[in-house]
Amino acid sequence: MRIVRFAIAKFNALSDDWRDWSFTRSAYQIQVANYSYHNQSHLLLLAASTKLKYLPKCSRNQVVVPEAERLKLENLIEDTVNTISIANMSARQLSSPNPSIAFYPETLEDRIWLSNKKGILYPDQTTNTSCQPATLDVREHLDTLSDRLDGVALVSEALCHSHACGKFHEYFRVIERAFGLSSKKLIDPLFLYFTGTVYEYTRKEIEKWIVVRHGITHADVKPKLLYESDVSAIIPRLEGAALDVLFNKEKWRSQDAKRTQRWTPPAGMEASGPFLQKGKIGKITLKVMDEFNSFPKDIELPSLPLPDDHWTGLISLDK
């Protein structure tokens, strides 16, 4: 019995020799199961698999996905997609198809065992909701911003990024610039600055920002690097913090935590979820993650056919 993890890799450019291939790393295999060209993008349906030492566990006659093997397959997919990206000097995006997991029966006994199961037991899907202002009343605050145009430049840099790591880096630089502090020295004044505000930032949340800041900036000592999947869920809250600091911090490039109420955010993210001020316009984004909260689901991509001989729990093997 083999477990198979599917993912869709999207590239702006892809040479012919990367459209049909397979290779093996130790006990793990990855290959192109399907290729498509859609809206000027190259799409690869990737299938990463490994042989299971034992039959999977079951709950309520549903097959439980072995977590250790799934995580190794996801790491293999990410490593492979990154390699293809630099080989073609192209941006890449990863998403999960539906379904994202299958089992491949290698023996008759495997087929019989799977045919008696109701399906695959998936965790609940995660939907990340974010809300941000559609526009900002900058013209009303030109005098306020005149002594912090470096902060305006950093917010503009963040908005130019499509990658979560780039956005995090620039938004956090806004906060560092505003307080003239970095690393753990920022925790106390930043927590004090936001105490009693609509955002409800906790000290623990700010401490996590510091950890992530180091993880996506430095790669010299830490054994594990941080990537987009580690920071994307943080961006909406961090963006709200950066905008508030830009508009409301009383003294720019000062370590004190005094704030003004010159500007009220028209929309943003509280600890409990999105908020939108009455009469204001905001942009609400729903990002649906796959069942394992590993890769997003991209509903704009076309459906790429999965291999017929794989059991997904949705159709019979005898179909």
Side-chain angles (χ1 to χ4, degrees), residues 1-10 18-36 38 42-81 83-84 93-127 229 288-319:
M1 178 89 70
R2 297 184 72 86
I3 179 176
V4 186
R5 178 61 156 107
F6 295 107
I8 297 176
K10 179 180 177 182
W18 283 106
R19 300 178 189 182
D20 186 13
W21 49 265
S22 67
F23 70 87
T24 301
R25 185 171 77 182
S26 185
Y28 297 84
Q29 184 183 50
I30 186 168
Q31 64 186 38
V32 176
N34 208 310
Y35 166 80
S36 177
H38 176 73
H42 301 270
L43 306 179
L44 296 180
L45 175 64
L46 301 178
S49 68
T50 190
K51 184 179 180 64
L52 296 174
K53 292 182 179 180
Y54 308 100
L55 290 175
K57 295 180 180 179
C58 290
S59 176
R60 300 189 297 274
N61 203 32
Q62 292 178 297
V63 180
V64 177
V65 178
E67 183 177 21
E69 286 80 2
R70 173 183 63 80
L71 290 173
K72 290 179 180 178
L73 293 175
E74 290 173 355
N75 287 337
L76 176 59
I77 289 171
E78 289 187 286
D79 290 344
T80 303
V81 169
T83 303
I84 299 173
Q93 292 181 11
L94 258 178
S95 60
S96 277
N98 190 27
S100 60
I101 288 285
F103 291 91
Y104 178 71
E106 296 184 297
T107 66
L108 178 59
E109 289 75 12
D110 289 344
R111 292 177 65 90
I112 294 173
W113 188 85
L114 287 171
S115 65
N116 290 322
K117 299 297 176 284
K118 292 171 59 177
I120 296 174
L121 182 63
Y122 284 108
D124 292 334
Q125 283 185 290
T126 301
T127 301
S229 58
V288 180
M289 302 298 294
D290 63 25
E291 298 85 355
F292 308 104
N293 205 28
S294 299
F295 306 136
K297 296 273 192 178
D298 193 336
I299 60 175
E300 295 182 354
L301 292 181
S303 177
L304 298 180
L306 302 180
D308 292 333
D309 54 354
H310 288 53
W311 185 81
T312 61
L314 303 178
I315 60 173
S316 168
L317 283 168
D318 299 323
K319 183 176 179 180

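Here the structure is a predicted model, which is why all the values come from computation and not from measurement.
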Measuring from [X]:[atom1] to [Y]:[atom2], what's the distance to the nearest 0.5 Å?
{"X": "H42", "Y": "K10", "atom1": "NE2", "atom2": "NZ", "value": "11.5 Å"}
{"X": "F292", "Y": "I101", "atom1": "CZ", "atom2": "CD1", "value": "4.5 Å"}
{"X": "S49", "Y": "H310", "atom1": "OG", "atom2": "NE2", "value": "6.5 Å"}

Student check: side-chain heavy atoms of N98 and E291 closer than 4.5 Å: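 Yes, close enough: below the 4.5 Å cut-off.
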Going by heavy atoms in the side chains, are R5 and S100 under 4.5 Å from each other?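 Answer yes - side chains close enough.
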Could you verify whether a donor N or O on one side chain and an acceptor N or O on the other, from [X] and [Y], lie under 3.5 Å apart?
{"X": "S22", "Y": "Q29", "value": "no"}
{"X": "D290", "Y": "S96", "value": "yes"}
{"X": "T50", "Y": "E69", "value": "no"}

Positive for side-chain contact (heavy atoms from CB on, under 4.5 Å) with I30, one of T24, D79, L76: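 Among T24, D79, L76, the one that satisfies the side-chain contact (heavy atoms from CB on, under 4.5 Å) with I30 is L76.
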Side chain of [X], backbone of [Y]: donor and acceptor closer than 3.5 Å?
{"X": "N61", "Y": "N116", "answer": "yes"}
{"X": "S59", "Y": "Q62", "answer": "no"}
{"X": "N34", "Y": "L45", "answer": "no"}

Begin with the C-alpha distance, continue with both residues' side-chain angles, and end with the deciding distance and a verdict on side chain to side chain contact (heavy atoms under 4.5 Å, CB included) for V63 and W113. CA-CA 10 Å; V63 180; W113 188 85; 4.0 Å; yes
For side chain to side chain contact (heavy atoms under 4.5 Å, CB included), just list the numbers for I8 and D298, CA-CA rounded to whole Å, side-chain angles, deciding distance to a tenth of an Å, and then say yes or no. CA-CA 9 Å; I8 297 176; D298 193 336; over 6 Å; no
Using a 6.0 Å cut-off, check whether atom CZ of F23 has over 12 heavy atoms from anything other than its own residue.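 Yes, the 6.0 Å shell around CZ holds more than 12 heavy atoms from other groups.
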